[in-house]
2 protein chains.
Amino acid sequence: MQINLDDEDVTDASTMNYNSGKYRTPDGAPTDIAIFTITSTDRAKAKKSLPRRELQVLLIKRKRWPFEGKWALPGGFTNETETVHECAKRELWEETGVKDVHMEYFNAYSAPNRDPRGWMISHAFFALVNEAELASREAASDAAEVRLFPVSEAAGMELAFDHNAILQDALAKIREKMVTTTIAKSFLPAEFTISELYQILQTVVPDFEERNFIRKITSTQSRRGIIEEVRTPGGELALSNRHSQRAAQLYRFTDYVPQLSIYR
Amino acid sequence: MQINLDDEDVTDASTMNYNSGKYRTPDGAPTDIAIFTITSTDRAKAKKSLPRRELQVLLIKRKRWPFEGKWALPGGFTNETETVHECAKRELWEETGVKDVHMEYFNAYSAPNRDPRGWMISHAFFALVNEAELASREAASDAAEVRLFPVSEAAGMELAFDHNAILQDALAKIREKMVTTTIAKSFLPAEFTISELYQILQTVVPDFEERNFIRKITSTQSRRGIIEEVRTPGGELALSNRHSQRAAQLYRFTDYVPQLSIYR
DNA sequence: GGAATAGTGTCTATGAGACAATATATA
DNA sequence: TATATATTGTCTCATAGACACTATTCC
């Protein structure tokens with residue numbers, strides 16, 4: 001069927017297609033997903049101490065043309081019967097075996113010739129996955145083909161397509177969102193200590209530094225009530241000493257969504 | 001040319017296309033743009049008083065199938081030789097005769113069957129245009145085909161395609177950004193008074209209310225220095241009385257980008 | 001003088017920011 | 001007992017938030 005896609009009464013030839021009036025259409029609708037996680041490795045020296053944490057991104061080694069052998073962000077082609085969001089969700093599941101994680105669409109990449117296979121406008125997402133959820137899958141998959149890379153390392157690699165730019169944009173986005181929303185919860189257990197939260201924030205946003213972090217986040221619950229103390233069934237304050245000698249108060253995120261404003 | 005788009009070694013038929021192995025591809029890459037402006041109408045009674053302001057969105061009456069006769073967001077099809085961002089910029093120029101305004105990509109709309117013409121993944125932008133820039137074009141265009149609507153009115157209309165949803169999303173987005181970034185500058189002259197800024201904020205975000213607005217925004221310049229006082233070439237404070245009996249201090253936005261954080 | 005907007009005074013409570021000091025449990 | 005993390009004390013200054021009050025100029 002020949003459809004007239006012309007919405008604007010175009011009469012000059014400049015915007016008409018060279019293909020004798022038939023419009024050129026995209027050759028696919030791919031999605032690319034920057035899947036981030038934070039790994040924890042216990043420090044050798046002291047047992048009861050904070051683990052070393054590192055922000056990692058999942059990459060896949062391409063098995064065929066184009067960019068065969070190069071590492072790339074996972075992704076795939078959207079079907080006609082699904083939205084790009086559904087596609088990304090599906091790809092995440094196929095790649096990592098996880099679902100129901102925080103995933104967000106953040107940009108479209110549409111530079112001509114960004115894909116040697118044809119005209120491809122890619123829809124880019126980022127996903128934040130808890131290390132614990134990823135653990136089971138890790139063992140199952142072939143480490144030579146699918147691997148976590150520290151973002152510092154991945155940023156210096158030569159990735160397939162324009163995935164370097166996509167990764168950079170994804171990083172900038174999660175760094176911004178890490179301090180303006182409560183997405184840090186994706187990298188934490190449901191109940192966590194202030195130190196753990198602080199460490200997670202610093203792992204993603206190295207510049208983040210707040211001397212009196214504990215005072216700020218716990219002061220005047222009524223105002224900045226994004227987290228609350230956890231209590232035992234008996235009603236006492238729940239503590240944890242998994243990473244410390246002295247036990248620390250456990251907190252959990254509330255449903256409160258703070259409204260930010262530069263005009264206060 | 002038959003290309004293998006399969007990135008994931010798919011072997012089950014479920015993800016293969018019914019069209020005997022040939023992938024179905026999108027039928028176009030449209031962009032839709034929610035173009036906002038704020039109109040000012042002087043109040044009849046008092047001359048020197050704040051004008052009535054209203055947030056407006058530009059709509060176009062469709063001239064052909066599908067949704068012929070319905071109002072829709074302006075937009076058009078992306079060419080193979082441009083990015084979707086360039087396409088949106090071009091469409092904005094064609095539609096309003098303005099360029100170099102604040103325009104942002106905010107989402108992709110990809111529900112199957114959202115467009116009766118075929119499989120169309122639409123890329124949605126919002127643009128913020130100063131009333132002054134739009135004025136010249138207004139006279140030139142056919143008001144019956146291209147019109148500004150108050151957003152309150154447009155939100156209640158039945159628009160073409162899924163444009164109601166797109167408009168809602170665009171509104172939510174600019175309301176959020178209006179108080180977290182300095183995009184209010186798009187609706188203001190380079191030099192403005194505190195009252196004008198406050199009025200613009202309230203026009204876009206009706207809930208926005210700050211009793212001591214002037215104190216907050218002008219206190220301790222070193223911290224929240226998003227605006228600065230304007231001075232005359234002679235070094236005196238520049239004032240304006242276009243909207244008031246008593247002259248008011250003029251301000252301009254600085255380049256300072258405040259860093260927001262829920263963790264302070 | 002009244003209207004309409006601009007801007008200041010004042011008061012209290014809370015938060016920001018910096019550091020020192022103390023607390024707790026374990027290896 | 002040394003160590004590593006958790007938490008509180010203390011002090012100063014800035015800001016939040018409320019609301020009354022004064023200032024300026026046009027009509």
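Each chain gets a letter, A, B and so on, in the order its sequence line appears, and its residues count up from 1. Since we're looking at a predicted model, the values are computed, not measured.
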Check the distance between dA23(D)'s C1' and Ile214(B)'s CD1 and give it to me in whole angstrom. 13 Å
Show me the donor-acceptor pairs, under 3.5 Å and distance only, between side chains in residues 182-191 of chain B and residues at least two apart or in other chains.
from, atom 1, to, atom 2, distance (Å)
Ser186(B), OG, Ile183(B), O, 3.3

Contact list for residues 196-207 of chain A, test side chain to side chain donor-acceptor pair (under 3.5 Å), sequence neighbours left out: Arg53(A)-Gln199(A), Thr193(A)-Glu196(A), Glu196(A)-Arg242(A), Glu196(A)-His243(A), Tyr198(A)-Gln202(A)
Could you tell me how far apart Leu239(B) (CG) and dC26(D) (P) are, to the nearest whole angstrom? 13 Å
Quick one: which protein N/O atoms are closer than 3.5 Å to N/O atoms of nucleotides 19-21 of chain D? Pair and distance per line, please.
from, atom 1, to, atom 2, distance (Å)
dC19(D), N4, Asn212(B), OD1, 3.3

Report the distance from atom NE2 of His243(A) to atom P of dA27(C), rounded to the nearest whole Å. 14 Å
With sequence neighbours left out, what residues match Arg231(A) under side-chain hydrogen bond (donor to acceptor under 3.5 Å, both in side chains)? none
Whole-Å distance between dA16(C) P and Tyr263(B) OH? 15 Å
Restricting to side-chain contact (heavy atoms from CB on, under 4.5 Å), what partner residues turn up for Asn130(B), sequence neighbours left out? Ala132(B), Glu133(B)
Whichever of Thr193(B) and Asn241(A) has its nearest DNA chain C nucleotide further upstream toward 5': Thr193(B)
Taking 4.0 Å as the cut-off, does a side-chain nitrogen or oxygen of Lys216(A) come that near to OP1 or OP2 on dG17(C)? yes
Atom CD1 of Ile194(A) to atom C1' of dA4(D): distance rounded to whole Å? 18 Å
Which whole-number value in Å describes the distance from Arg242(A) CZ to dA27(C) P? 17 Å
Please identify each residue that fulfils side-chain hydrogen bond (donor to acceptor under 3.5 Å, both in side chains) with Gln245(B), with sequence neighbours left out. none
Parallel, tilted or perpendicular: which fits the ring planes of His123(B) and Tyr105(B), with parallel below 30° and perpendicular above 60°? tilted
Rounded to whole Å, the CG-P distance (Leu50(B) to dC26(D)) equals 16 Å
Parallel, tilted or perpendicular: which describes the rings of Phe253(A) and Phe192(A), with under 30° parallel and over 60° perpendicular? tilted
Looking at the side chain of Gln249(B), which of dC26(D), dT5(D), dG7(C) is the nearest nucleotide? dG7(C)
Output the rounded distance in Å from CD (Gln245(A)) to P (dT5(D)). 8 Å
